[in-house]
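Chain identifiers are assigned alphabetically (A, B, ...) following the order of the sequence lines, protein sequences preceding nucleic acid strands; residue numbering begins at 1 within each chain. Note that the coordinates shown come from a computational prediction; the quantities given were computed from them, not determined experimentally. What's counted below: heavy atoms across the whole structure, side chains too, no hydrogens, waters or symmetry copies.
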There are 2 protein chains.
Amino acid sequence: MTAHTLRYYERVGLIQPVGRARNGHRRYSEADEAWLHFLHCMRATSMPIREMQRYAELRELGDATSLERRKILEDHQAGIAGQIVELQQAHALLTHKIANYKMIEERIRITHPVVAEPEVDCELTPVS
Amino acid sequence: MTAHTLRYYERVGLIQPVGRARNGHRRYSEADEAWLHFLHCMRATSMPIREMQRYAELRELGDATSLERRKILEDHQAGIAGQIVELQQAHALLTHKIANYKMIEERIRITHPVVAEPEVDCELTPVS
DNA sequence: GCTTGACTTCGAGCGCGCTTTAAGTTGTAC
DNA sequence: GTACAACTTAAAGCGCGCTCGAAGTCAAGC
């Protein structure tokens with residue numbers, strides 16, 4: 001996560017204005033880091049920024065929004081489950097295709113065998 | 001997959017110019033459909049268009065490109081495996097967070113119980 | 001004959017999520 | 001004191017993958 005990305009997340013309201021050192025530089029607390037880690041996980045699993053904004057907004061409002069926030073997470077979790085299935089299917093498909101390529105390569109290897117080059121001076125110069 | 005997307009894929013070389021009916025309309029053969037299905041699977045698992053273009057290009061060149069094509073697929077499969085792990089981790093994280101929200105909601109339910117409204121005319125009107 | 005609708009081409013437009021640029025301030029090392 | 005690096009701001013730019021719009025052609029149905 002680059003500094004630029006952190007600025008961006010702050011700009012769009014994914015993170016609240018964070019603490020500053022005396023010189024004005026940002027100082028991220030452990031709580032900030034935990035929240036950023038969570039954001040990172042959600043992004044890495046394709047949650048749209050908009051949805052993360054909505055979640056962050058509710059989070060600011062406190063426990064009363066628990067239900068709605070839970071719903072967001074449950075929906076996203078269901079999405080993740082679907083993604084996993086798709087990925088597993090693609091993985092299986094690729095296993096098949098890769099096996100097929102290996103067969104093709106084997107066929108080529110048999111049809112056009114690599115003839116050994118005459119290796120006249122082979123082993124005449126010992127490795128020191 | 002919309003018609004627009006099919007045109008786009010043809011434009012960028014992911015599919016070869018496809019057969020046409022007498023009126024000029026495209027007719028997709030079963031082979032076309034199989035290829036499109038494959039493209040769809042790769043896209044659904046985040047293979048970039050560029051890489052699909054490279055693969056399609058090699059495919060046009062025939063069996064001699066088998067090795068390189070296999071490498072592309074193997075790399076992508078490895079990427080998929082990584083994605084699956086990330087998704088599973090996020091799924092687990094969400095399970096925890098969701099459980100936590102349920103606890104919070106339970107706490108609220110106990111602290112602010114919903115007082116039963118007086119239900120005076122309850123059951124006086126039988127359901128027909 | 002005329003409308004409707006599904007296709008055709010080509011080019012422009014767009015939403016997302018950053019990413020880069022430019023210009024300015026501050027603290028540290030030599 | 002002065003170079004340098006690391007931060008600051010605000011705004012503009014960009015790559016990706018579509019997505020849409022405009023204008024035209026064709027075939028079928030009323």
Side-chain angles (χ1 to χ4, degrees), chain A residues 1-30 32-33 35-59 72-73 75-76 79-80 82-83 86-87 89-90 93, chain B residues 1-30 32-33 35-59 72-73 75-76 79-80 82-83 86-87 89-90 93:
Chain A
M1 225 175 205
T2 72
H4 282 304
T5 304
L6 291 176
R7 300 303 158 274
Y8 169 69
Y9 279 12
E10 199 172 313
R11 254 195 350 254
V12 300
L14 283 181
I15 44 187
Q16 289 295 102
V18 73
R20 301 293 181 115
R22 218 169 296 121
N23 58 12
H25 293 191
R26 286 170 180 78
R27 289 293 168 245
Y28 292 90
S29 69
E30 284 193 14
D32 291 330
E33 280 182 28
W35 173 238
L36 284 168
H37 174 68
F38 173 69
L39 291 178
H40 177 75
C41 287
M42 295 305 98
R43 273 303 300 143
T45 54
S46 305
M47 180 180 280
I49 296 281
R50 275 187 178 284
E51 205 163 331
M52 288 165 54
Q53 284 172 323
R54 177 73 186 138
Y55 184 87
E57 199 179 292
L58 292 170
R59 186 165 171 268
I72 291 174
L73 297 192
D75 287 353
H76 186 57
I80 286 176
Q83 283 185 61
E86 255 189 333
L87 286 166
Q89 285 170 354
L93 170 62
Chain B
M1 224 175 207
T2 73
H4 280 305
T5 304
L6 291 176
R7 301 301 160 273
Y8 169 70
Y9 279 13
E10 201 173 310
R11 259 200 340 259
V12 300
L14 283 181
I15 44 187
Q16 290 295 102
V18 75
R20 300 294 182 114
R22 217 170 297 119
N23 58 12
H25 293 191
R26 288 172 180 76
R27 289 293 166 244
Y28 293 90
S29 69
E30 285 193 13
D32 292 330
E33 281 183 25
W35 174 237
L36 284 167
H37 174 69
F38 173 70
L39 291 179
H40 178 77
C41 288
M42 294 305 97
R43 272 305 299 144
T45 54
S46 305
M47 180 180 279
I49 296 280
R50 276 189 178 283
E51 206 164 332
M52 289 166 50
Q53 284 172 322
R54 176 74 185 138
Y55 185 88
E57 198 178 294
L58 294 170
R59 187 166 170 266
I72 291 173
L73 298 192
D75 287 354
H76 186 57
I80 286 175
Q83 283 185 62
E86 255 189 333
L87 286 166
Q89 285 170 354
L93 170 62

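Checked against side-chain hydrogen bond (donor to acceptor under 3.5 Å, both in side chains), Glu57(B) has the following partners two or more places apart in sequence or in another chain: Arg54(B). With sequence neighbours excluded, the residues forming a side-chain contact (heavy atoms from CB on, under 4.5 Å) with Leu6(A) are Met1(A), Tyr28(A), Leu36(A), listed by chain and number. Judged as a side-chain hydrogen bond (donor to acceptor under 3.5 Å, both in side chains), and not counting sequence neighbours, Tyr8(B) has no contacts. In terms of the ring pair (Phe, Tyr, Trp, His ring centres under 6.0 Å) criterion, Tyr9(A) has no residue partners (sequence neighbours excluded). In this structure, Asp32(B) has no salt bridge (charged side-chain N to carboxylate O under 4.0 Å, His left out) partners at least two apart in sequence or on a different chain. Applying the salt bridge (charged side-chain N to carboxylate O under 4.0 Å, His left out) test to Arg26(A) and every residue at least two apart in sequence or in another chain returns Glu10(A).
Pairs passing the side-chain hydrogen bond (donor to acceptor under 3.5 Å, both in side chains) check and including a residue from residues 43-52 of chain B, sequence neighbours excluded, read Thr45(B)-His76(B).
For residues 5-13 of chain B, proximity to DNA chain D is found at Thr5(B), Tyr8(B), Tyr9(B), Arg11(B), defined as any non-hydrogen atom under 4.0 angstrom from a strand atom. Sorted by residue number, the list of members of residues 49-58 of chain B with any non-hydrogen atom under 4.0 Å from DNA chain C is empty.
Note that the first and last nucleotides of DNA chain C, 5' to 3', having any atom under 4.0 angstrom from a heavy atom of chain B are dC7(C) to dA12(C).
Within the nucleic acid shown, Arg20(A) comes within 4.0 Å of sugar-phosphate atoms alone, with no base atom in reach, counting heavy atoms only.
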Which nucleotides of nucleotides 24-30 of chain D have their base under 4.0 Å from a protein heavy atom (B), which only their sugar-phosphate (S), and which neither (-), written as one string 5' to 3'?
--SS---
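Taken to the nearest 0.5 Å, the CD atom of Glu86(B) stands 6.0 Å off from the NE2 atom of His40(A). Here the CG-CD1 distance, from Leu87(A) to Ile80(A), works out to 11.0 Å after rounding to the nearest 0.5 Å. Taking CE from Met52(B) and CD1 from Ile49(B), the interatomic distance works out to 4.5 Å, rounded to the nearest 0.5 Å.
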Under 3.5 Å, sequence neighbours excluded: what are the donor-acceptor pairs made by side chains of residues 17-25 of chain B?
| unit_1 | atom_1 | unit_2 | atom_2 | d |
| --- | --- | --- | --- | --- |
| Arg20(B) | NH1 | Gly24(B) | O | 2.7 |
| Asn23(B) | OD1 | His25(B) | N | 3.0 |

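Ring geometry for Tyr55(A) against Phe38(A) counts as tilted: the plane angle lies between 30° and 60°, on a 0 to 90° scale.
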